[in-house]
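Inspection log for the structure reproduced underneath, given as structure tokens.
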Amino acid sequence: MNALISPTPEVGKVKISTGPLSSNYPDAIFPVETAIAMLKDMGTSSVKFFNMEGLKYREKYQVVAEASASCDFYLEPTGGIDLNNYS
């Protein structure tokens with residue numbers, strides 16, 4: 001099972017309220033390491049970082065990638081990774 005997280009204005013924090021129910025409530029924003037630990041607690045094996053919007057969130061994606069590696073967690077790239085769509 002995988003989960004979806006989204007970038008936030010702050011590097012190192014992600015939004016986990018991305019589902020059909022949770023997205024209708026106030027944003028759930030956590031440090032990326034806490035989000036990964038919570039997802040692992042729920043039995044999730046990987047996370048998707050969405051939406052990349054080209055390379056717009058490259059710095060934030062790198063932090064998620066490093067945290068995923070240090071937490072022994074899979075990261076699946078998704079959501080418009082396109083070198084020609086740099087914003």
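Just so it is clear, the values below take in all heavy atoms, side chains as well, and ignore hydrogens, waters and symmetry mates. Computed from a predicted model, the values in this text were never measured in an experiment.
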Could you tell me whether E76 atom CD has more than 12 heavy atoms of other residues or ligands within 6.0 Å of it?
yes
Is any side-chain heavy atom of Y74 less than 4.5 Å from a side-chain heavy atom of V47?
no
With the 4.5 Å side-chain cut-off for hydrophobic clustering, are M42 and I36 part of the same group?
yes
Show your reasoning for whether side chain to side chain contact (heavy atoms under 4.5 Å, CB included) applies to N2 and S45.
CA-CA 6 Å; N2 64 30; S45 60; 5.6 Å; no
Hphob cluster co-occupancy, I16 + V11, side-chain heavy atoms under 4.5 angstrom
yes
Could you state the interatomic distance from CD (E33) to OG (S70), rounded to the nearest 0.5 Å?
6.0 Å
Heavy-atom pair of closest approach, residues F49 and S6:
CE1-C, 4.2 Å
Taking a hydrophobic cluster as the set of Ile, Leu, Val, Met, Phe, Trp and Tyr residues connected by side-chain heavy atoms closer than 4.5 Å, whether directly or through intermediates, do Y61 and L39 fall within one such cluster?
yes
For the hydrophobic clusters of this structure (ILVMFWY residues joined by side-chain heavy atoms under 4.5 Å, transitively), does one cluster hold both M38 and V63?
yes
Check: K40 side chain, C71 main-chain N or O, donor-acceptor pair, under 3.5 Å:
yes
Please assess V64 against L75 for the test side chain to side chain contact (heavy atoms under 4.5 Å, CB included), listing each intermediate value before the final yes or no.
CA-CA 8 Å; V64 172; L75 172 61; 3.9 Å; yes
Are more than 12 heavy atoms, taken from residues, nucleotides or ligands other than D72, located less than 6.0 Å from that residue's CG atom?
no
Nearest heavy-atom neighbours spanning S17 and P26:
OG-O, 4.1 Å
Reported OG1-to-CG distance for the pair T18 and D27, which is rounded to 0.5 angstrom:
10.5 Å
Gap separating the CD1 atom of I5 from the NZ atom of K48, nearest 0.5 angstrom
12.5 Å
To the nearest 0.5 angstrom, please state how far the NZ atom of K13 sits from the CD1 atom of I29.
8.0 Å
Give me the atom names and distance for the closest heavy-atom approach of S23 to G19.
OG-O, 2.7 Å
Closest approach of K60 and E10, non-hydrogen atoms and distance?
NZ-N, 4.3 Å
